[in-house]
Engineer: 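Got a structure for you, written out below as structure tokens; questions coming shortly.
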Amino acid sequence: MAGGIEAARRKELLQQISRGSAAAFDQFYHIYVNIIYGYLKTRIADEHFIKDVMQEAFVAIWKNAGTYRHENSVNAWVISIARYKLMDAFRAKYKLPQEEWDEDVLHVYEQEDISTQVIDKMHVDDAVNRLPSAARELLYMVFQAGLSYKEIAVLLAIPEGTVKSRMYTLKKQLVPLLEDRR
Amino acid sequence: MNVLTEDCQEIQMILPWVLNGSLEAKVKVKVFSHLSHCSGCRKEFSSWIALHQSMEAVQGEEEMDMEDTQALLCTIQKQTAPQFETILCKNTPDEALQHVVKGALWKVKHGTEESCQDVVTMLKLGKRSLQLVGKLICI
């Protein structure tokens, strides 16, 4: 998570990138390469596919740095680009029409029952890894990318209350495992 | 069995965001004030802390290999090589020149063998920039 000074530095780097600074882009790349990689790993396992999406995402960051709005966090902006590029890549790969894919993504929670995928007495890291990818994505957005529930609601195109209740439900599945581990 | 009050429900729903540091200060104060007198929510908060720590341990392992990281950067740089004319559109000639020179210096300091070629390209851009600035001054 980026604190005040670090967050300001990232915003400054984006400004420099928007003016064409390759040095600023290199620094930005090294800050975000593993954040984007970790995020994409929550949704896909194929390393080649991940790298293709990362390439697209960073090129988009370079081209669109000037469109970043300061009221949003840089993390949310970067994750939104990575997510958009991931959906684009899936659409291209499976030749899905836009509406069909969005529908699929938005309803993934309703299709998958988390409880059936979590096995008793499993270590929590195994449990997290076995969660549906959309659930891991949400956990990643909260704990790794440090996004607010408002930012996540915008990214996933769902109400803020739904973001909160999904996290709450997720934890209810994982807590027994944590207690077993103690 | 503990009965959750409306306050408890509201607080418990936002506990993950207390941990990730994204809550507004006034909301955070409200949460901690509630936690100070509610043992049920404190217990809930403890389990969130445990989950948060486990998540950090899991996700900490998700890092790209150093070689792959550098190779990907080189590929991206080929697509994003700055055109001085573009930089010049967005900056004054002085600033544009500074960007190009700073970029080259940064590459020399941090770059790999592969990126030496980029330095050469950047310096060529610098030379081209001087010519362009010269032309602008003549105009």
Side-chain angles (χ1 to χ4, degrees), chain A residues 1 3 16 18-27 29-30 33-34 36-39 41-42 47 50-51 54-55 58-59 61-63 66 73 123-129 136 139-151 161 164-165 167-168 170-171 174-175 177-179 181-182, chain B residues 9-10 12-17 19-24 44 47-48 50-65 68-69 71-73 75-77 79-84 86-91 95-96 98-100 102-107 109-111 115 118 122:
Chain A
M1 262 164 285
Q16 290 174 17
S18 73
R19 293 197 297 263
S21 167
F25 180 75
D26 276 11
Q27 289 178 56
Y29 172 83
H30 283 100
V33 66
N34 282 319
I36 296 182
Y37 178 72
Y39 168 68
K41 286 283 276 185
T42 66
E47 289 282 330
I50 288 177
K51 281 172 200 159
M54 288 178 78
Q55 187 180 331
F58 276 108
V59 171
I61 287 169
W62 168 260
K63 287 180 180 166
S73 76
H123 287 312
V124 72
D125 46 355
D126 293 332
V128 168
N129 280 329
R136 288 203 308 273
L139 281 170
Y140 191 89
M141 284 178 174
V142 178
F143 288 141
Q144 257 57 46
L147 306 189
S148 70
Y149 51 78
K150 288 177 188 169
E151 289 170 330
K164 292 177 195 169
S165 60
M167 271 303 274
Y168 189 75
L170 255 178
K171 203 210 61 157
L174 290 168
V175 160
L177 300 165
L178 290 168
E179 284 170 353
R181 216 182 177 189
R182 281 179 202 143
Chain B
Q9 284 178 345
E10 193 191 329
Q12 289 189 13
M13 287 285 189
I14 55 174
L15 290 176
W17 289 276
L19 287 171
N20 86 357
S22 67
L23 281 187
E24 291 169 28
E44 187 73 11
S47 59
W48 269 118
L51 178 59
H52 184 213
Q53 285 169 345
S54 305
M55 279 295 296
E56 280 186 330
V58 174
Q59 296 295 341
E61 293 161 11
E62 300 292 5
E63 285 192 3
M64 241 176 120
D65 177 69
D68 286 350
T69 303
L72 180 64
L73 178 60
T75 311
I76 294 165
Q77 281 170 335
Q79 283 183 264
T80 59
Q83 298 299 313
F84 188 73
T86 313
I87 299 175
L88 196 57
C89 289
K90 298 177 180 176
N91 299 273
E95 285 168 345
Q98 272 181 29
H99 275 307
V100 173
K102 270 188 193 170
L105 288 174
W106 197 87
K107 284 276 176 194
K109 199 174 167 191
H110 303 277
S115 63
D118 299 335
M122 284 181 157

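The structure displayed is predicted, hence computed values, not measured ones. Lettering of chains follows the sequences in order, A, B, ..., and the numbering in each one begins at 1.
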Engineer: Any donor-acceptor pair under 3.5 Å linking the side chain of B:Asn20 with the backbone of A:Leu147?
Structural biologist: yes
Engineer: Please look at A:Ser165 and chain B and tell me whether the side chain, the backbone, both or neither of the residue comes under 4.5 angstrom of a heavy atom of that chain.
Structural biologist: both
Engineer: Taking all non-hydrogen atoms of both residues, which atom of B:Trp48 and which atom of A:Met167 are closest, and how far apart?
Structural biologist: CH2-O, 3.5 Å
Engineer: Please enumerate all residues that pass side chain to side chain contact (heavy atoms under 4.5 Å, CB included) together with A:Lys164, with sequence neighbours excluded.
Structural biologist: A:Tyr149, B:Met13, B:Ile14, B:Trp17
Engineer: Just verifying a value: how many Å separate B:Asp68 CG and A:Lys51 NZ, rounded to the nearest 0.5 Å?
Structural biologist: 3.5 Å
Engineer: If I compare all heavy atoms of A:Ser148 with all of B:Ser22, which pair ends up nearest, and what's the gap?
Structural biologist: CA-OG, 3.3 Å
Engineer: B:Leu23 versus chain A, heavy atoms under 4.5 Å apart: side chain, backbone, both or neither?
Structural biologist: side chain
Engineer: To the nearest 0.5 Å, what is the distance between CG (B:Leu15) and OH (A:Tyr168)?
Structural biologist: 9.5 Å
Engineer: Rounded to the nearest 0.5 Å, what separates atom CD in B:Gln77 from atom CH2 in A:Trp62?
Structural biologist: 9.5 Å
Engineer: Where is the tightest heavy-atom contact between B:Met64 and A:Asn34, given as atom of each residue plus distance?
Structural biologist: N-OD1, 2.7 Å
Engineer: Is B:Glu10 close to chain A through its backbone or its side chain, or both, or neither, when contacts mean heavy atoms under 4.5 Å?
Structural biologist: neither
Engineer: Under the rule for side chain to side chain contact (heavy atoms under 4.5 Å, CB included), what residues qualify as partners of A:Gln55, not counting sequence neighbours?
Structural biologist: B:Leu72, B:Thr75, B:Ile76, B:Gln79
